[in-house]
Protein chains: 2
Amino acid sequence: MDAPTGVREHCPVAATLDLVGSRSSLLLMREAALGTRRFADFAVRTGLSEPMTARRLAELVDAGLLARADYREPGQRVRQEYRLTSSGVDFLPVITALRQWGDAHADVPGGRPLRVDHAGCGAEVVAEVRCTAGHAVPPAEAVVTRLR
Amino acid sequence: MDAPTGVREHCPVAATLDLVGSRSSLLLMREAALGTRRFADFAVRTGLSEPMTARRLAELVDAGLLARADYREPGQRVRQEYRLTSSGVDFLPVITALRQWGDAHADVPGGRPLRVDHAGCGAEVVAEVRCTAGHAVPPAEAVVTRLR
DNA sequence: CGGTATCCTATAAGATACTG
DNA sequence: CAGTATCTTATAGGATACCG
């Protein structure tokens with residue numbers, strides 16, 4: 001995760017994977033996307049060990065996707081929390097797309113454990129490939145240019 | 001990638017990561033998304049070693065994202081190719097979302113090496129979080145339900 | 001509660017050499 | 001061209017114990 005081992009890949013996908021590409025990081029980002037904020041909840045809900053949870057959360061903070069802060073519920077003592085930064089919010093399409101593919105194509109024992117719906121509207125939330133002009137872009141209409 | 005090591009995670013995100021969650025698999029899916037079809041091109045363009053390229057391509061075929069076939073260019077001998085299946089095409093939002101986050105937030109030495117544009121329209125291709133009713137869904141409007 | 005320290009195993013991934 | 005075989009190293013990640 002820190003430095004790529006092989007040939008240096010000058011690609012935004014590879015760069016993203018170098019920062020947040022491990023299973024543990026992505027599971028933690030999933031949890032953050034679902035609203036989890038506290039250390040113990042991250043560990044239990046991802047099934048990660050505490051040392052791994054601590055290490056990856058620290059990396060995600062370093063990488064700017066999460067921010068750590070103190071907070072105090074009324075009448076309680078001070079606790080820690082991890083919240084999505086704006087960069088972390090920008091990561092939600094990745095998590096949404098992974099969830100969507102899993103729902104459609106992976107065999108999740110016991111059926112679908114998660115739903116994400118649009119507030120008010122009630123329709124399911126998905127990741128769509130579009131152009132910035134707003135058109136849906138099917139694969140055949142995507143033109144790839146390799147620069148350099 | 002084969003069997004999850006820790007607590008069994010009943011989640012579509014985790015299930016997806018168990019099938020295609022390694023850096024090498026995701027780089028190969030990136031290449032497939034960019035139109036790469038031949039073994040040697042996959043290896044060179046991802047920077048992966050040949051043994052790793054062979055192993056992961058075989059896994060992606062097993063997982064149903066790629067299909068292997070013979071093909072023959074006019075006047076050439078028979079060659080192999082790997083093509084996206086419909087399940088593989090459904091994976092494109094993941095790759096698009098990873099690329100998009102990298103373009104916005106990762107430091108790719110030498111600038112942006114890749115563009116994906118909408119044919120004809122010319123506008124850039126991105127992954128958007130929407131509901132199936134067609135509304136854009138900002139994070140604040142996503143309602144998460146954990147079932148079971 | 002929110003971690004850290006230490007040690008261990010499994011796997012990801014590369015290097016090199018070789019084959020049909 | 002499209003791989004396979006073998007070996008090695010680096011990293012992911014868990015288990016257990018402990019700390020402020």
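All values reported here derive from a predicted model rather than from experimental measurement. By convention in this document, chain letters (A, B, ...) are assigned in the order of the sequence lines, proteins followed by strands, and residues within each chain are numbered from 1.
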For residues 98-147 of chain A, which residue pairs pass the ring pair (Phe, Tyr, Trp, His ring centres under 6.0 Å) check, not counting sequence neighbours?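 Output for this query lists A:W101-A:H105, A:W101-B:F91, A:H118-B:H135, A:H135-B:H118.
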Residues which pass salt bridge (charged side-chain N to carboxylate O under 4.0 Å, His left out) with [X], listed by chain and number, not counting sequence neighbours:
| X | value |
| --- | --- |
| A:R83 | A:E81 |
| B:E124 | B:R112 |
| B:D90 | none |
| B:R115 | B:D117 |

[X] [atom1] to [N] [atom2]: how many Å, rounded?
| X | N | atom1 | atom2 | answer |
| --- | --- | --- | --- | --- |
| B:R72 | D:dC1 | CZ | C1' | 14 Å |
| B:L57 | C:dA12 | CG | C1' | 16 Å |
| B:D41 | D:dG3 | CG | P | 12 Å |
| A:M52 | C:dA10 | CE | P | 15 Å |
| B:L17 | C:dA12 | CG | P | 13 Å |
| A:L28 | D:dA12 | CG | P | 13 Å |
| A:D70 | C:dC1 | CG | C1' | 13 Å |
| B:L48 | C:dA12 | CG | C1' | 11 Å |

Is there any side chain to side chain donor-acceptor pair (under 3.5 Å) pair reaching into residues 62-71 of chain A, and which pairs are they, with sequence neighbours excluded?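 Side chain to side chain donor-acceptor pair (under 3.5 Å) check on residues 62-71 of chain A returns no pairs.
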Indicate if B:V89 and B:V126 have the same hydrophobic cluster label, given that clusters are the connected sets of ILVMFWY residues with side-chain heavy-atom separations under 4.5 angstrom.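 Result: no, two separate clusters.
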Between the opening five pairs and the closing five pairs of the helix from C:dC1-D:dG20 to C:dG20-D:dC1, how far apart are the helix axes, to 10°?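 Inter-axis angle at the ends, rounded: 50°.
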Residues that A:Y82 engages under ring pair (Phe, Tyr, Trp, His ring centres under 6.0 Å), provided they are two or more places apart: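 A:Y82: no ring pair (Phe, Tyr, Trp, His ring centres under 6.0 Å) contacts found.
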Looking at B:T16 and A:L98, would you say the former's side chain and the latter's main chain have a donor-acceptor pair under 3.5 Å?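 Yes; judged by distance alone, with no hydrogens or angles, the pair exists.
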Tell me whether B:T96 contacts the main-chain N or O of B:L92 through its side chain, where contact means a donor paired with an acceptor under 3.5 Å.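 Yes, the answer is positive, given that a donor and an acceptor are paired below the 3.5 Å cut-off.
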Heavy atoms only, 4.0 Å cut-off, all strands: where does B:F42 land among base, sugar-phosphate and nothing?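 The residue B:F42 makes no contact with any strand.
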What does A:T53 touch in the nucleic acid at a heavy-atom separation under 4.0 angstrom: a base, only the sugar-phosphate, or nothing?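 No contact at all - A:T53 keeps every heavy atom at 4.0 Å or more from the nucleic acid.
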Look at the side-chain N and O atoms of [X] and state whether any lies under 4.0 Å from the OP1 or OP2 oxygen of [N].
| X | N | result |
| --- | --- | --- |
| B:R55 | D:dT4 | no |
| B:R23 | D:dT11 | no |
| B:R68 | D:dG3 | yes |
| B:Y82 | D:dG3 | yes |
| A:S22 | D:dG13 | yes |

Which residues pass the side-chain contact (heavy atoms from CB on, under 4.5 Å) test with B:V143, sequence neighbours left out?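 If we apply the side-chain contact (heavy atoms from CB on, under 4.5 Å) test to B:V143, skipping adjacent residues, the hits are A:A119.
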For A:T36, check side-chain contact (heavy atoms from CB on, under 4.5 Å) against everything at least two apart and list the hits.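 A:E31, A:D41, A:F42, A:R45, B:R146.
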A:R79 side-chain proximity, nearest of D:dG14, C:dC1, D:dG3: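 The nucleotide sitting nearest to the side chain is C:dC1.
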Can you list, in residue-number order, the parts of residues 32-39 of chain A that come under 4.0 Å of DNA chain D, counting heavy atoms only?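 Residues of residues 32-39 of chain A that come under 4.0 Å of DNA chain D do not exist, since none gets that close.
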Could I get a table of every N or O pair under 3.5 Å where one atom is in the protein and the other is in nucleotides 15-20 of chain D?
none

